[in-house]
Amino acid sequence: MLPESLSNGICSLKPQEDRLVMSCLMEFDGVGRMRESRMTPGVIRSAERMTYTNVNKVIEAMRRRAHATLRWFIISRHGNPGAAVECAA
């Protein structure tokens, strides 16, 4: 682990602050073999500082919205709520 002065300072992704980075861009083929790679300088800007718990809450909310949208789409297409239940299973 990094010392706290680094992990909460210069090495931390602070929300709404630009940070200089070195990125490794990689391309893989269909079976997972790396075809090419390169290093390039860049800038990253984090939108929020979040805990794993908060990230999980966001992901779960997105999943529930996607499920509700799919259910609405199936019902609107088939007019049968049972079709949505069968499709979602």
Side-chain angles (χ1 to χ4, degrees):
M1 290 184 62
L2 293 172
E4 187 175 346
S5 59
L6 291 177
S7 65
N8 289 331
I10 194 166
C11 295
S12 178
L13 294 177
K14 294 186 177 182
Q16 307 303 322
E17 274 190 35
D18 289 345
R19 293 292 194 191
L20 301 178
V21 297
M22 285 300 296
S23 296
C24 179
L25 305 176
M26 297 177 279
E27 183 178 324
F28 295 88
D29 65 16
V31 294
R33 288 186 298 253
M34 187 168 49
R35 295 177 47 126
E36 63 180 86
S37 66
R38 67 186 171 101
M39 297 293 291
T40 184
V43 178
I44 188 171
R45 177 180 283 250
S46 179
E48 296 290 335
R49 183 176 182 128
M50 298 184 74
T51 64
Y52 287 108
T53 301
N54 287 341
V55 169
N56 192 48
K57 287 178 184 177
V58 170
I59 291 170
E60 287 302 316
M62 291 171 62
R63 188 174 292 143
R64 284 191 298 275
R65 281 194 303 271
H67 184 265
T69 301
L70 175 62
R71 183 175 168 76
W72 172 86
F73 178 77
I74 293 168
I75 291 171
S76 68
R77 281 290 183 110
H78 300 283
N80 176 5
V85 172
E86 290 172 20
C87 186

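Just so it is clear, the values below take in all heavy atoms, side chains as well, and ignore hydrogens, waters and symmetry mates. All values derive from a computational prediction rather than experimental measurement.
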| note | The side chain to side chain contact (heavy atoms under 4.5 Å, CB included) partners of P3 (sequence neighbours excluded) come to S5, L6
| Partners meeting side-chain hydrogen bond (donor to acceptor under 3.5 Å, both in side chains) with R63 (sequence neighbours left out) | E60
| note | Residues passing the side chain to side chain contact (heavy atoms under 4.5 Å, CB included) test with T40, sequence neighbours excluded, are S23, L25, R38
| message | Connecting only ILVMFWY residues whose side-chain heavy atoms lie within less than 4.5 Å of each other, what is the rest of V55's hydrophobic cluster? | response | M50, V58, I59, M62
| request: Tell me, please, which residues at least two apart from M22 pass side chain to side chain contact (heavy atoms under 4.5 Å, CB included). | output: M39, P41
| note | In terms of heavy-atom contacts, A47 and P15 come closest through O-CB, 3.8 Å
| Which atom of V43 lies closest to which atom of V21, heavy atoms considered | N-CG2, 4.0 Å
| Pair listing, salt bridge (charged side-chain N to carboxylate O under 4.0 Å, His left out) test, anchored in residues 25-34, at least two apart | E27-R35, D29-R33
| task | List in chain and number order the residues that pass side chain to side chain contact (heavy atoms under 4.5 Å, CB included) with A61, two or more places apart in sequence or in another chain; answer none if no residue qualifies. | result | R64, R65
| request: Could you list all the salt bridge (charged side-chain N to carboxylate O under 4.0 Å, His left out) pairs where at least one residue sits in residues 8-24, not counting sequence neighbours? | output: E17-R19, D18-R45
| said: When you compare the side chain of S37 with that of M34, does any pair of heavy atoms fall below 4.5 Å? | reply: yes
| Once you round to the nearest 0.5 Å, how far does OG1 of T51 lie from CG of N56? | 9.5 Å
